[in-house]
Amino acid sequence: MCEPTAVQGRLPIFLYLARPMQDYLKGLNDRQYEAATHINGPLMIVAGAGSGKTKVLTTRIAHLMAKGVDAFNILALTFTNKAAAEMKERIEKMLGNNEARNLYIGTFHSVFARILRGEAHRLGYPNSFTIYDSDDSKSVIKSIVKEMELDEKQYKPNVVLGRISQAKSSLIGPLQYQEDYYLQQEDQRTNRPAIGKIYKRYADQCFKNGAMDFDDLLLKMYELLNTFPEVLLKYQHKFRYVLIDEYQDTNAVQYQITKLLAAAHENICVVGDDAQSIYSFRGATIENILQFQKDYDDVKVVKLEQNYRSSKNIIEVANTVIRQNKGQIPKDLWTDKDQGDKIKVVATMTDNEEGKYVSTMIQELKLRDHYHNHDFAILYRTNAQSRAYEENLRRGGIAYKIYGGLSFYQRKEVKDYIAYLRVIANTRDEEALKRIINYPVRGIGKTSMERLQTIANQHNMTLWDVILRAPETGLKGAALEAIRKFITMMQYFQSLQTHKNAYEIAFEVGKHTGLVKELFNDKTVEGLARYENVQELLNSIKEWTDQQENLSQIDEEGTVQEGITDQTLQNATTLGLYLQQITLLTDADNDKEDADVVKLMTIHAAKGLEFPVVFVGGVEETIFPSGLSINTREELEEERRLFYVAITRAKEKLWLTHANSRYRFGNVVANDASRFLEELPKDYIDRSFSGGTGSGFGRGDQHFGGGFGAGGFSRGSGFGSQNDAAAAARKYGPPPAKKQQPYKSTVLPTQAPPQQKVQVHVPKGDFVPSDTTGLTEGMEVEHLKFGFGTVIKMEGAAHNRIATVDFKTNGEKKIMLNYAKLRIL
DNA sequence: AGACGCTGACTTTTT
DNA sequence: GTCAGCGTCT
């Protein structure tokens, strides 16, 4: 191992950096210092929650650069764009110059996508390959299942994709998959023996489309390095220093790639916390941490156990929770912070009251302890839980923001628009082509498409090539003319690529396709939102090209270019580059941090973040732990680690809430308190808070006819039945996926015939809207004062109803009451 | 081709 | 509660 020396000609920078660096190192404790400055050779940092792991990583990178290592030689891999951006920003601040922009810092996916963009041709892909998000992947799988005439119920895209994804993350190709005895057994057992064949066709189809899915970005990167020694050498030489954040979340492919990359210099530093491993469902394996120590002779291991985030009470509870798991790397977090408040465990009657309780408590804390909105986070296990909080926060006039959920780029209108751009950049992209060929409507209908598709399949041609030769396909008349026009238009767009940037092309697309105009003419509420979204998309493309132009003023060697050529600018702002970037973006990446809002997100999304006050909701059996993850010890332990992550997000105050009943799937459902709550150390818990809202009970939102009790869990000492089930599952595999109750919750009896449908426009005796709503059939939209799913008070009825309101989309702006479901409220 | 009416699937978690 | 998607009718 040779000590890195200052690169020739860079000494002035080195001297300039040296001083602030030294100051910064002083802020580290001994362990952190050790980890940050031991820059040569393999290093594993086992970092507990809140132990300053990001600080160490950034200091380490800055330190490397201070020692004269060029930014271009440093590769730092993270799991979220946010973590990457944050790291970059911090380093920039520490260095006080713009050297950091030359660092390779990004998610595995985005860094590899960037590399593959230069190398994909070696693997037979176009360099402007498309990146398929999961929606695209599912759509491909769906059409394959249809073509193979398999049972679509049995081969749901979600399930099949999950299976393929797991295989890919474990470096198992389609052929190997079909030969693997164990995998085949599993597929037989679940009655899905054709998955191997689907996998093969899926891989072929993606290749034909010139597309890589998320897993391919890793897999193809591995293939590239593994197949082409000269490529491997190039990147080994380039990335002399490799750093990996959240190492416990890496899967087999990621492990192999980083191993290859680091093999030459062995300057690899991984940071992880086995206690926070929560992504095994997507192939992550803690094994990688253990294996790491075996792979290199002289691995240095540094443990960071001092927590700088949370109060003593919170740390104690967290430690107790994680100790229930077997096979952890022994680690004891400690803190010299104050004892703090006890952890509050609160039970409420309903999910709605859980939301109400939290919103009331936030208001109280703001008044009493002068907290701000941005000090609060509400965390939950599943996205669906956000609604109850949302309603109550809105009612309480508290500003909030929900993170996660449907991404901006997943909205239909945005996807449609982007589909055009995708076809322009890569005509092989069949998914995108199918999406836009008749949108907006241009007279290329189902029949024509079927014919074209069949010919494409028969001759193993791409759909686009068949379309180009449409006159030979037997299509004629209006259809042929429509296709001819479509081709002319698309070829015009394609021709723009040589001299126009992504924004200019996107603008032209909007203008010539009539996409923007069509949305503009749609004056309904949703239409307006769609129009705004498309505008927003165009804005963001503009923003991106501007930003790229600035960045491209610096070349690969790090020197600022004087007379930058138009060509360089053009290369940095191409449509293809833009498309590859955005597919890997999530909503969390372009939000403005500074807003004073309460944050709502899943626990997964909260990893790596911290908040003064945290509410964890729905701490109930079947939700947390998830009913789908209690069958094996491994699954349950992952849920427990997730619980650990939730707890350790809190700095000062922590609430764990659970509701006796909640809406789920439109049903009222009763859940027991989570088993995790029973594992908490009593002395650190305060259960004295009542979730009741005083006057609330009785006339609350939900009435129970028959009370609880029927069915439910037989828990208590040793929760026997579940262990039996788990044992059976281990022995015989998971139970057949037939029609069984997906959740073990008790469905509460209702007072009236449930789910009875009532035609509103054929009113029955008991279905008369009262004057309070003023709702009549065929009413003008302008008078509509409520949204979808509005509760309508019914005269003479013992209960309220929920009506679905549809807008007439053509002609006059009229609404129609579609149907209503009878439901107890 | 498009509007309409209705069914059923969804609920782990993310790049 | 919500929504995509299917079949049917115009």
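Residue numbers begin at 1 in each chain, while the letters A, B, ... track the order of the sequences. The basis for the numbers below is simple: all heavy atoms, side chains too, and nothing from hydrogens, waters or symmetry mates.
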Counting side-chain heavy atoms from CB outward, which of [options] is closest to [X]?
X	options	result
A:Phe281	B:dT15, C:dG5, B:dT14	B:dT14
A:Leu628	C:dG5, B:dT11, B:dT15	B:dT11
A:Lys146	B:dT13, B:dT15, C:dC6	C:dC6
A:Ala605	B:dT11, C:dC6, B:dT14	B:dT14
A:Thr382	B:dC10, B:dT13, B:dT15	B:dT13

Using whole Å, what does the distance between atom [atom2] of nucleotide [N] and atom [atom1] of [X] come to?
X	N	atom1	atom2	result
A:Asn383	B:dT13	CG	P	5 Å
A:Tyr380	B:dT13	OH	P	10 Å
A:Arg387	C:dT2	CZ	P	5 Å
A:Tyr403	B:dT13	OH	C1'	19 Å
A:Leu642	B:dT11	CG	P	17 Å
A:Leu218	B:dT15	CG	C1'	8 Å
A:Phe624	B:dT11	CZ	C1'	15 Å
A:Arg662	C:dG1	CZ	P	15 Å

A:Lys607 and salt bridge (Lys or Arg N to Asp or Glu O under 4.0 Å): which partner among A:Asp273, A:Asp249, A:Asp245? A:Asp249

Under 5.5 Å centre to centre and under 30° between planes: does that hold for A:Phe79 and the six-membered base ring of B:dT15? no

Assert: residue with more 5' nearest nucleotide on DNA chain B, out of A:Val441 and A:Glu635, is A:Val441

Which is more 5' along DNA chain B, the nucleotide nearest A:Ile444 or the one nearest A:Thr602? Just name the residue.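 It is A:Ile444, whose closest nucleotide lies nearer the 5' terminus.
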
Heavy-atom closest contact (A:Ser280 atom, A:Glu638 atom, distance):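 Taking every non-hydrogen atom into account, OG-OE1, 2.5 Å.
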
Does B:dT14 have OP1 or OP2 under 4.0 Å away from a side-chain N or O of A:Lys607?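 Negative; the distance criterion is not met.
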
Identify, with sequence neighbours excluded, every residue that meets side-chain hydrogen bond (donor to acceptor under 3.5 Å, both in side chains) alongside A:Arg163. A:Tyr177, A:Glu186, A:Asp187

Heavy atoms under 4.0 Å, any strand shown: does [X] hit a base, just sugar-phosphate, or nothing?
X	result
A:Phe108	nothing
A:Asn158	sugar-phosphate
A:Ser134	base

Can you see whether A:Gln385 engages A:Thr382 through a side-chain donor-acceptor pair at a distance of less than 3.5 angstrom?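 Yes - a donor-acceptor pair under 3.5 Å links their side chains.
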
Using only heavy-atom distances, determine whether the side chains of A:Asn251 and A:Tyr279 contain a donor-acceptor pair under 3.5 Å.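 No, no side-chain donor-acceptor pair sits under 3.5 Å.
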
